[in-house]
Amino acid sequence: MKKLLEVKNLSVHYKIQAGWVYAVDGVNLEVNHGETLGLVGESGCGKTTTGYGVTQLLPSNAYIKEESKIIFEGKDLVKLGTHPSKKYEGYRKIEEYNPEMRKYRWAKISMIFQGAMNAFNPVYKVGDQIIEAILAHENMTKQEALKRVEELYRLVGIPKDRINNYPHEYSGGMKQRAMIAMALALNPDLIIADEPTTALDVVTQDRILGEMVRLQKREKIAMILITHDVSVVAEMAHKIAVMYAGNLVEKGTAKEVFKETAHPYTEALLNAFPSIKGEKKRLKAIPGSPPDLANPPKGCRFAPRCPYAKDICLEQEPPVVEISPGHYSKCHFAEELYGELGGE
Ligand code: SF4
C-alpha cells in the first residue's frame with residue numbers, strides 16, 4: 001500500500017509557567033492510503049496531541065521540536081505550518097492562520113472532534129455549519145453546497161429534513177453522524193477521529209463504528225482512530241500504535257499487538273479491558289498512575305508501574321526494538337519478553 005502520512009520523530013511540548021510539559025516525545029507513525037491506524041493509551045498519554053499535531057490544531061503554548069517531520073503526500077507539514085521560535089531555541093512555533101496549512105485542514109485531512117455533543121455551535125443550524133465548511137474551501141454556490149450536504153446526510157443515514165435543525169434538536173447518535181458527514185464533506189484523504197463514540201451508548205457506538213468502516217471503505221479514506229478503548233481498535237484498525245506518557249511504546253498490526261504483545265504496558269492495557277467474546281477473566285487495573293509529564297522519569301517512563309522493571313529501566317531510556325518486520329517495542333527487554341506477554 002502507498003504511504004499517505006509519515007510522522008517522524010514528532011515531539012510536541014507545551015510551555016507552561018513552571019517550565020515545559022513533554023506531552024509527545026519522538027513519535028514515529030505511518031498511515032497508508034485507505035488504512036486505519038488505531039492510536040491507543042490511557043487518558044493524558046499524548047494521543048490527542050499527536051493526532052491534532054498532524055494538522056497543527058494545537059493551543060498557542062504548544063511548540064514542535066525542530067527535528068520533527070510530518071510528511072503528508074510528500075510535503076513536510078511542519079515546515080509548511082511552523083516557523084523557528086524566536087523565544088525557545090530548538091522549537092518551532094505554530095502559525096495558526098497559515099494559509100498553506102489551511103489548504104490541508106479539512107480539505108485533505110479532516111477531524112472528528114472529541115465530544116461531538118458539543119462540537120457544533122449551538123446557535124447555528126447543523127446544515128449551515130457544514131455548508132460553511134464546504135464554502136470555505138470549495139468554489140461552489142450555496143445551493144450546490146446544500147446538495148452536497150443532502151448527499152452526505154443520505155450517506156450517514158440522517159433524513160434530509162433534519163438539515164435545518166439546531167444541534168439541540170439532534171440525538172447524540174445523530175450529532176455524531178452529522179460530525180462524520182462534516183468530516184467527509186470535502187472528500188479528505190485522511191480523517192483523524194478523536195474518541196468518536198465515547199459519549200454514546202454501546203448499541204449506538206456499534207452502529208456508528210460500523211457505518212464509519214463502511215464509509216471509509218467506500219470512499220477509500222485513511223483514518224487515525226484515537227481511543228482509550230482497546231475493543232474499538234481491535235474491531236476497526238489494521239495497525240495499532242500504543243502510547244504511554246508521551247512515548248509510542250508498541251506498534252504493529254492489530255494481530256501482532258494483541259496476540260504477539262511485545263511491551264509490558266500493552267499487556268497491562270489488555271488485562272484492564274473486558275472481552276465480550278473471549279473467556280471470562282478478572283480484570284486487572286494498572287497499578288499507580290502515569291507520570292507527571294512536566295517531570296517524566298529518567299529511564300523508561302513506565303518503569304514505576306512495570307512488573308518487569310530492572311535497574312537499567314530506572315536509569316536508561318529504552319531503545320525502540322524491531323521484534324519482527326514492522327512490529328516495534330520500546331523496551332529494554334522486548335526480545336526476552338516477546339512470546340511471554342499477552343492479555344490473560
Ligand atoms: Fe518495563 Fe523496563 Fe520494559 Fe520499561 S524498559 S517496559 S520498565 S521492562
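Atom CD of E219 has more than 12 neighbouring heavy atoms from other residues, nucleotides or ligands inside a 6.0 Å radius.
Panel note: side chain Q129, backbone Y124; a donor-acceptor pair is recorded below 3.5 Å. Side-chain atoms of W106 do not come within 3.5 Å of backbone N or O of A136 as any donor-acceptor pair. In this structure, the side chain of R105 engages the main chain of T55 through a donor-acceptor pair within 3.5 Å. For the pair E322 (side chain) and G326 (backbone), a donor-acceptor distance under 3.5 Å is present. Looking at S329, its side chain does come within 3.5 Å of a backbone N or O of A262 through a donor-acceptor pair. Listed for the K47 side chain is no donor-acceptor partner under 3.5 Å among the backbone atoms of L39. A donor-acceptor pair is defined here as one N or O able to donate and one able to accept, closer than 3.5 Å; no such pair exists between the side chain of R92 and the backbone of E66. Counting only distance, with no hydrogens or angles, the side chain of E35 and the backbone of N32 share a donor-acceptor pair below 3.5 Å. Under a 3.5 Å cut-off, the side chain of N61 and the backbone N or O of K15 do form a donor-acceptor pair.
K160 places none of its side-chain heavy atoms less than 4.5 Å from the side chain of V149. Considering only heavy atoms from C-beta on, C306 stays 4.5 Å or farther from C300 through its side chain. In this structure, L270 and F258 have side chains that are in contact, with non-hydrogen atoms separated by less than 4.5 Å. I163 is listed as a side-chain neighbour of L146, based on a closest heavy-atom distance under 4.5 Å. By the 4.5 Å heavy-atom criterion applied to side chains, K3 and H33 are not counted as neighbours. By the 4.5 Å heavy-atom criterion applied to side chains, E95 and M101 are not counted as neighbours. Counting heavy atoms from C-beta on, the side chains of I112 and Q176 come closer than 4.5 Å. Here the side chains of I240 and T253 are not in contact, with every heavy-atom distance at 4.5 Å or above.
Rounding to the nearest 0.5 Å gives a distance of 4.5 Å between CD1 of I192 and CD1 of I224. Between I70 atom CD1 and K75 atom NZ the span is 15.0 Å, to the nearest 0.5 Å. Here the straight-line distance linking atom CD of E250 with atom CG of L269 works out to 10.5 Å at 0.5 Å rounding. Note that CD1 of I191 and NZ of K108 are 14.5 Å apart. Values are rounded to the nearest 0.5 Å. To the nearest 0.5 Å, atoms CG (D311) and NE2 (H332) are separated by 11.0 Å. With values rounded to the nearest 0.5 angstrom, E67 atom CD is found 13.5 Å from K8 atom NZ.
In this structure, R148 pairs ionically with E151, as a charged nitrogen and a carboxylate oxygen lie closer than 4.0 Å.
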Item checked: Verdict with reasoning, M212 to I180, per side chain to side chain contact (heavy atoms under 4.5 Å, CB included) -> CA-CA 8 Å; M212 279 172 68; I180 295 169; 3.5 Å; yes

Margin query: side chain to side chain contact (heavy atoms under 4.5 Å, CB included), that's the test. Do M174 and R162 meet it? Break it down for me.
Written below: CA-CA 10 Å; M174 276 172 82; R162 305 300 297 267; 3.5 Å; yes

Check: Going through the checks in order, is the salt bridge (charged side-chain N to carboxylate O under 4.0 Å, His left out) test met by D25 and R301?
Finding: CA-CA 11 Å; D25 256 332; R301 291 185 180 183; 2.7 Å; yes

Next item on the list: Before giving the answer on ring-ring contact (aromatic ring centres under 6.0 Å, His included), spell out for Y308 and F333 the whole-Å C-alpha distance, their side-chain angles and the decisive distance to 0.1 Å.
Entry: CA-CA 9 Å; Y308 307 98; F333 303 103; 9.2 Å; no

Next item on the list: Given salt bridge (charged side-chain N to carboxylate O under 4.0 Å, His left out), test K103 with E100 step by step and report yes or no.
Entry: CA-CA 5 Å; K103 289 183 196 160; E100 286 303 313; 3.0 Å; yes

Check: For K69 and E6, what are the C-alpha separation, side-chain angles and deciding distance, and is it a salt bridge (charged side-chain N to carboxylate O under 4.0 Å, His left out)?
Finding: CA-CA 8 Å; K69 282 189 180 8; E6 261 184 288; over 6 Å; no

Notebook entry, point to check: Step by step, would you call S11 with V24 a side chain to side chain contact (heavy atoms under 4.5 Å, CB included)?
Noted result: CA-CA 5 Å; S11 297; V24 170; 5.7 Å; no

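Nearest heavy atoms, K175 versus P167: CE-O, 3.1 Å. The heavy-atom pair separating L186 from A133 by the smallest distance is CD1-O, 4.0 Å. Here the closest non-hydrogen pair linking A303 and A309 is O-CB, 3.8 Å. V257 and K251 get closest at one heavy-atom pair: CG2-C, 4.1 Å. Between P264 and C331, the shortest heavy-atom distance links the atoms CD-SG, 4.0 Å. Listed here is the closest heavy atom pair of M140 and I134: SD-CG2, 3.8 Å.
Note on Y328: it does not cluster hydrophobically with F302, by side-chain heavy-atom contacts below 4.5 Å among ILVMFWY residues. Hydrophobic clustering (ILVMFWY, side-chain heavy atoms < 4.5 Å, transitive): I16 and I94 are in one cluster. Hydrophobic clustering of Ile, Leu, Val, Met, Phe, Trp and Tyr side chains at less than 4.5 Å, counting indirect connections, unites V31 with V78. Criterion: ILVMFWY side-chain heavy atoms under 4.5 Å apart, direct or through other members. Under it, I64 and Y88 are not part of a common hydrophobic cluster. A single hydrophobic cluster is not seen to contain both V7 and Y91; linkage of ILVMFWY side chains at heavy-atom distances under 4.5 Å, directly or through other members, places them apart.
At a cut-off of 3.5 Å, with distance as the only test, no side-chain donor of E42 or H228 sits close to an acceptor on the other residue. Side-chain contact check for Y338 and T261: no donor-acceptor pair (N or O, by modelled atom type) lies under 3.5 Å. Under 3.5 Å, the side chains of Q216 and T36 contain a donor-acceptor pair of N or O atoms.
Residue Q56 forms a side-chain contact (heavy atoms from CB on, under 4.5 Å) with just one option from N98, L80, L77, and that option is L77.
Aromatic pair Y63/H13: ring centres not closer than 6.0 Å.
Classification of the H263-Y265 ring pair by plane angle, with boundaries at 30° and 60°, yields perpendicular.
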